[in-house]
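Notes follow once the structure below has been shown.
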Number of protein chains: 2
Amino acid sequence: MARKKPKANSCDCQGVRRSRRRDAVLDAVLASGGHLSAEEVHREAKKKMPGIGIATVYRSLKCLCGCGKVAEFIPPDGVARYEAAGSRGHHDHLICTACGCFAEAVDPEIERLQERLAARHGFKLEGHRLEIYGLCARCAKKK
Amino acid sequence: MARKKPKANSCDCQGVRRSRRRDAVLDAVLASGGHLSAEEVHREAKKKMPGIGIATVYRSLKCLCGCGKVAEFIPPDGVARYEAAGSRGHHDHLICTACGCFAEAVDPEIERLQERLAARHGFKLEGHRLEIYGLCARCAKKK
DNA sequence: GCGAAAATGATAATCGTTATCATATGGCCA
DNA sequence: TGGCCATATGATAACGATTATCATTTTCGC
């Protein structure tokens, strides 16, 4: 008889155990629209796990990033933000310099040109980060 | 009679006075190849201004960024780095994930596509940051 | 040279993040 | 099922880059 498949571990790296807090952290990120700071993730996770500490949130986020479940995004203010990874795939960010809102975007052609640029400099491409700054439609209208 | 033109102020914003320390900070950035951390700028500036404090370096760098003489670049480790701006114009960064070295690059076509991408989302473009991660030629060879 | 405004240095404060450590928990194995 | 031990956890101290504070010094138009 086939062993009953256990509930998926939120982080399945080598030597990592399942834990309800880490699940709660992942759930918080998945449930949100993304772009949560660690503190915001903490606030959300506490709804399911009232006693969860901020240190566990940081540890869990790092772990979840390591196994590709969550993507870390560091805006120019230096405060890391987290969002679900994988499902929605890679994307770049449009950041409004007036209101701070984010938008997501991908341009396949830019992606391709980046590979070319890397190759031209002898770089073996692993990833990239593209952030476009400007005024979002709403803020541009206000001015 | 025309007023004698004073020696150029390293920061010519409104209400800003010239100072030898700020000059030294600017010189340190200009003299280097760029990509200096604030601490490194401090070390360089001390060669000209032995008593200069780290606070003054930070203040000067912020001021010089404000008037466009110096460009701030924040790598993923979150530690700001500074380089001369203007003379060499905008460029993007290729960052080696193994040794941490930087290379600079510009692809006019990518620049153009970014404008298009911004326009498509109703953003009024102000600037952007593109960082490409990978292994530099030397590190790629080692592996 | 005078004096108000700006710049400075020393250092305390901030703040996001990480390390520490004693305790709790998870899950493999008998 | 219970024991065992590695991993996870929470509280909190530590960390490090950057910023704020404040008394003192410097700048520069007059």
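Between B/E109 and A/R116, at least one side-chain N (NZ, or NE/NH1/NH2) sits under 4.0 Å from a carboxylate O, which counts as a salt bridge. Taking 4.0 Å as the cut-off between side-chain N and carboxylate O, A/R120 and B/D107 count as a salt-bridged pair. Salt bridge A/K62/A/E72: absent, no basic N to carboxylate O contact under 4.0 Å.
Residues B/E83 and B/H91 bring a donor and an acceptor atom of their side chains to less than 3.5 Å of each other. Of the N and O atoms on the side chains of A/E104 and B/H121, not one donor lies less than 3.5 Å from an acceptor on the other residue. B/H93 and B/E131 are not linked by any side-chain donor-acceptor pair at a separation below 3.5 angstrom, with hydrogens and angles left out of the test.
Atom CD1 of A/I74 and atom P of C/dC15 are 19 Å apart (whole Å). For the pair A/M49 CE and C/dA24 C1', the interatomic distance rounds to 14 Å; values are reported in whole Å. Whole-Å rounding puts the A/R22 CZ to C/dT25 P distance at 16 Å. Distance A/K46 NZ to D/dT9 C1': 15 Å, rounded to the nearest Å. For the pair A/L36 CG and C/dG16 C1', the computed distance is 16 Å after rounding to whole Å. A straight line from CG of A/L64 to P of D/dA8 spans 11 Å, rounded to a whole angstrom. Residue B/D77 contributes atom CG, which lies 13 Å from atom P of C/dT17 at whole-angstrom precision. Here the C1' atom of nucleotide C/dC28 and the CZ atom of A/R18 are 16 Å apart, to the nearest Å.
Using a 4.0 Å cut-off, some side-chain N or O of B/R20 falls inside it from OP1 or OP2 of D/dT27. Note on A/K62: a side-chain N or O is less than 4.0 Å away from OP1 or OP2 of C/dT18. Residue B/S60 places no side-chain N or O under 4.0 Å from the OP1 or OP2 atom of C/dA7. Distances shown here put a side-chain N or O of B/R21 below 4.0 Å from the OP1 or OP2 atom of C/dG9. Dashed line: the shortest gap from a side-chain N or O of A/S37 to OP1 or OP2 of C/dG16 is not under 4.0 Å.
Checked against side-chain contact (heavy atoms from CB on, under 4.5 Å), A/R81 has the following partners two or more places apart in sequence or in another chain: A/S37, A/E40, A/F73, A/P75, A/F102.
Only A/A55, A/Y58, A/R59, listed by number, bring a heavy atom of residues 50-59 of chain A to less than 4.0 angstrom from any atom of DNA chain C.
The base of C/dA5 is paired with the side chain of B/R17 by a donor and an acceptor separated by under 3.5 Å.
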